[in-house]
Structure formats: C-alpha cells, structure tokens
Amino acid sequence: LAPLRLHHPLFFSAKDSRYQTPASLKEFMVACLPGAKPLVLLHLLQAHGFPAAICFTNSVEASHRLARLLQLFGSANVAEFSS
C-alpha cells in the first residue's frame, strides 16, 4: 500500500465477520448500459465531490482507460495500479 501514498489511512480488520465493512463506506448502484459505466462513474465522482475513491475494474486495459478518462476530465489525483 505504500505506493498509494495515502494520507491518514485507516486499517479495518474483517476477522470477526466474513463481510465486515467500515460504517462510513458508501455504496452506489446505478443501472446503465455497459458502455455508459465510465461516464456514469465520472458523473458520480464529480457531482458528489468525493475527496477519495477506489475503483476496481476487470482488466488492466479497463483500468488504463478509466484512469485516462478521469485525467482528461480534470480529476486531480488519479493513480492506476494493476497486478
């Protein structure tokens, strides 16, 4: 996690429950066409003014395209990580 350069990171342990999540975690679901997903995500990030977000994709190529889209639309700090 060091390469992420997170400010004031919090550690959450899921030892007590299989699906434990932080109480402050917000989840959104929007029904849309697959091709519209990147733009819907961009709208959610901009409209709600999230200070930080983590987005997961199903491929390295999708991660790259999403990171590039966010950079082009002026998202301040975009980082792309893949394994």
Side-chain angles (χ1 to χ4, degrees):
L1 292 178
L4 295 175
R5 295 185 214 139
L6 301 174
H7 299 285
H8 308 295
L10 299 174
F11 174 75
F12 296 97
S13 174
K15 290 182 182 179
D16 298 330
S17 173
R18 185 173 177 189
Y19 299 107
Q20 185 177 11
T21 58
S24 62
L25 180 67
K26 294 180 182 179
E27 182 177 351
F28 293 90
M29 180 178 163
V30 177
C32 65
L33 295 173
K37 286 182 182 182
L39 294 177
V40 171
L41 174 63
L42 179 64
H43 170 73
L44 283 173
L45 292 174
Q46 290 180 343
H48 293 280
F50 295 118
I54 297 176
C55 302
F56 296 93
T57 64
N58 62 355
S59 70
V60 173
E61 293 82 17
S63 296
H64 182 69
R65 287 193 312 268
L66 181 58
R68 188 67 184 129
L69 175 73
L70 294 173
Q71 289 168 348
L72 288 172
F73 278 87
S75 295
N77 296 315
V78 176
E80 178 183 353
F81 296 94
S82 60
S83 59

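We're numbering straight along the sequence, starting at 1. Predicted model, so just to flag it, every value in this text is computed and none were measured.
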Is it the case that one hydrophobic cluster holds both Val40 and Val78, taking links as side-chain heavy atoms less than 4.5 Å apart, direct or via other members?
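The answer is yes; both residues are in one hydrophobic cluster.
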Side chain to side chain donor-acceptor pair (under 3.5 Å) filter on His64, not counting sequence neighbours, yields Glu80
Starting at CG of Asn77, measure out to CD of Gln71 and round the result to the nearest 0.5 Å.
10.5 Å
To the nearest 0.5 Å, what is the distance between SG on Cys55 and CG on Leu70?
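It is 6.5 Å, given to the nearest 0.5 Å.
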Heavy-atom closest pair, residues Pro38 and Pro34:
CD-O, 4.1 Å
Partner set under side-chain contact (heavy atoms from CB on, under 4.5 Å) for Ala62, not counting sequence neighbours:
Thr57, Asn58, Ser59, Arg65
Run through the side-chain heavy atoms of Ile, Leu, Val, Met, Phe, Trp and Tyr, join any pair under 4.5 Å, and report what else lands in Phe56's cluster.
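Direct or chained contacts put Phe56 with Ile54.
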